[in-house]
Amino acid sequence: TGWALVAVGPIPADPFGILPSMTWFAPMRSAVGRRLPLLAGAMAVVGLALIAVATRRPVTIVIDGVSTLRHVHAPTVGLALHELGIRLDPSDRVRPQLRADLPAGGVVEIQRARDVVLDVDGKMTLVRTPEAIPANVLSFAGLQLYPGDRLWVDGLPSDGSATASGRTPQRIRLERAITVSLVDRGARRGLASAAPTLGEALWESGIRLRDGDELTPGVGAPLGGPTDVTFTPAQRLEVEIDERSLVTYASSATVGEALARAGLGLVGLDFALPALDQPVPPNGKISVVRVVEEVEMIQESIPFTSTFEPVEDLEIDRQQLVDPGELGIRAERIRIRRENGEEVARYSEGEWVALEPRPRVMGYGKKIVIRTLNTPEGPIEYWRAVPMYATSYSPCRLGVDYCNANLASGGTLQRGIVAVVLRWYRSMRGMHVYVPGYGVGRIADTGGGIPGRFWIDLGYSDDDYVSWHYWTTVYFLTPVPPEGLIQWVLD
């Protein structure tokens, strides 16, 4: 884009008429002599270079929104683009025009033309246009958008405004609207829509259909051409039913038809106010009385009792289920009448025992096995071993605000005395037991126990008291007491 000059031979003193007068060189001629032609030529070259630089102008080229800063010598837009090697399509849009002088601001905008496929009601055409706004593309092709038309740009619904990318679309589909003549309560009005069905066309026009509206033809009717439609909107109904107010819509002459169209048909003993054969009241208020009669079968369980029976070959403190028992059933038939969900009558039609209960039978062991156990105190012989929760007490550690050393069996509380609950004490009084970590004790006192646990309280004097609060195994020592004194089932 610059200038290049090569001096070959002598150069005229002022070839372009731009050099100043040479008279100021006169005093130098005597000094420089033959060097004057060379000096004049060099100055000419420098002058031409300065002219070339001075005539370059910056220009911003914007192609499809992308800006580039360039420099040109050309005076017009067309020559500048030619100088820059920018080729144009005949359909491209250039601002300013090609013949216009290069603008003072130095900005040239180019909108490249592109091919756009137009699909108008199934008919395909191809246009080449620099327009980026779909509506302008259609206008470029001689097409105009009308109310109700449907437009898709590159597969997406559009209102004809600029695309998201701001670039020329590739495909535009246009569906022309069809005229619909709508008669609404005797008044006629026209609608325009490109929707495929009548229901969608009414929706686009702001007509919201409700259950109960009458439409002829139906909402699913296709729109293939101008269509006459009769629309009868439903009347607002306020139905009192089941102690609540239900708002619905129906277009019917009688109460029965209105309720049926609203999906509130009466069944059985139901009745309505006004009656079903009466006209729908002007205020649309209808009361429905729901009448229900039903028979309810009530079943009540009769609990069974539990019994125990001995099992001779089963070891003591073990149980086995002999008979699981069975609950009895008492049945009663009740007839109930309800109106509007409220019970108005109830009476019994009979009661009977459908199934007698059968008691559960648990077998308890009566077999006693003598065993031995090595302890720090020496071997012991026992006939029963029971897991128990052990606590300890002393005369002044009874859980009350006073001290008492007296035992239920008489005597004084000290180490070696143990207590159990009263129901055990009655059969176990005087028996000897061994508790690991405590030693041998004699059952000679009673206590309150701990609900839900087998319990033993280990006695001490106040001087040698040791606190117990954990599970252990209590061994009942031989000799085995008489059968009549053994509590076979512990509870």
When you compare the side chain of [Y] with that of [X], does any pair of heavy atoms fall below 4.5 Å?
| X | Y | value |
| --- | --- | --- |
| V435 | M388 | no |
| I486 | I316 | yes |
| L118 | L138 | yes |
| D313 | V311 | yes |
| I61 | I110 | yes |
| V289 | V291 | yes |
| L327 | P357 | no |
| F140 | I133 | no |

Problem set entry | Under the side chain to side chain donor-acceptor pair (under 3.5 Å) test, residues paired with E257 that sit two or more places apart |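 So E257 forms no side chain to side chain donor-acceptor pair (under 3.5 Å) with any residue.
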Looking only at heavy atoms, what is the nearest atom pair of [X] and [Y], with distance?
| X | Y | answer |
| --- | --- | --- |
| A272 | L276 | CB-CD2, 3.8 Å |
| S306 | R360 | OG-NH2, 3.1 Å |
| G363 | L314 | O-CD2, 4.0 Å |
| L398 | Y402 | CD1-O, 4.3 Å |
| G459 | L413 | CA-CD1, 3.9 Å |
| S181 | D228 | CB-OD1, 3.3 Å |

side-chain contact (heavy atoms from CB on, under 4.5 Å) partners of [X], counting only residues at least two apart:
| X | answer |
| --- | --- |
| N283 | P281, K285 |
| V369 | E315, K367, R371 |
| Q144 | Y146 |
| C403 | C396 |

[X] atom [atom1], neighbour heavy-atom count above 12 within 6.0 Å:
| X | atom1 | answer |
| --- | --- | --- |
| R171 | CZ | no |
| E377 | CD | yes |
| Q320 | CD | yes |
| R176 | CZ | yes |
| W383 | CH2 | yes |
| R318 | CZ | no |
| Q487 | CD | yes |

For this session: Let me see the working for L321 and M362 under side-chain contact (heavy atoms from CB on, under 4.5 Å), right down to the final yes or no.
Result: CA-CA 5 Å; L321 184 63; M362 292 297 298; 3.2 Å; yes
Could you tell me the separation between the [atom1] atom of [X] and the [atom2] atom of [Y], rounded to the nearest 0.5 Å?
| X | Y | atom1 | atom2 | value |
| --- | --- | --- | --- | --- |
| T375 | Y434 | OG1 | OH | 4.0 Å |
| I241 | D270 | CD1 | CG | 7.5 Å |
| I329 | E300 | CD1 | CD | 11.0 Å |
| D115 | Q170 | CG | CD | 10.0 Å |
| D119 | I172 | CG | CD1 | 10.5 Å |
| L407 | R442 | CG | CZ | 7.5 Å |

For this session: Give a yes or no on whether the backbone of P169 and the side-chain of D154 come within a donor-acceptor separation of less than 3.5 Å.
Result: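 Between the backbone of P169 and the side chain of D154 there is no qualifying donor-acceptor contact (under 3.5 Å).
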For this session: Spell out, as yes or no, whether a donor-acceptor pair under 3.5 Å connects the side chain of D457 to the backbone of S392.
Result: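 At least one qualifying donor-acceptor pair exists.
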Residues forming a salt bridge (Lys or Arg N to Asp or Glu O under 4.0 Å) with [X], sequence neighbours excluded:
| X | value |
| --- | --- |
| R384 | D317 |
| E109 | none |
| R397 | D462 |
| D445 | none |

For this session: Hey, could you give me each pair passing ring pair (Phe, Tyr, Trp, His ring centres under 6.0 Å) that has a residue in residues 307-354? Not counting sequence neighbours.
Result: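 Pairs touching residues 307-354 that pass the test: none.
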Would you call [X] and [Y] a salt bridge, taking side-chain N to carboxylate O under 4.0 Å as the test?
| X | Y | answer |
| --- | --- | --- |
| E339 | R337 | yes |
| R150 | E175 | no |
| R330 | E332 | no |

For this session: Could you please spell out the steps behind the side-chain contact (heavy atoms from CB on, under 4.5 Å) verdict for L490 and Y364?
Result: CA-CA 10 Å; L490 298 178; Y364 62 87; over 6 Å; no
Exercise. Which pairs with one or both residues in residues 409-432 pass salt bridge (charged side-chain N to carboxylate O under 4.0 Å, His left out), sequence neighbours excluded?
Worked result: R423-D491
For this session: Could you give me the CA-CA distance, side-chain angles and deciding distance for T254 and D277, then say whether side-chain contact (heavy atoms from CB on, under 4.5 Å) is met?
Result: CA-CA 6 Å; T254 65; D277 58 352; 5.9 Å; no
For this session: For I370 and V480, run side-chain contact (heavy atoms from CB on, under 4.5 Å): C-alpha distance rounded to whole Å, both residues' side-chain angles, the deciding distance at 0.1 Å, then the answer.
Result: CA-CA 9 Å; I370 306 299; V480 180; 3.6 Å; yes
Throw together a table of side-chain donor-acceptor distances under 3.5 angstrom for residues 468-478, partners on residues two or more places apart or in other chains.
| residue | atom | partner | partner atom | Å |
| --- | --- | --- | --- | --- |
| W468 | NE1 | Y460 | OH | 2.9 |
| T478 | OG1 | E381 | O | 3.4 |
| T478 | OG1 | E381 | OE1 | 3.0 |

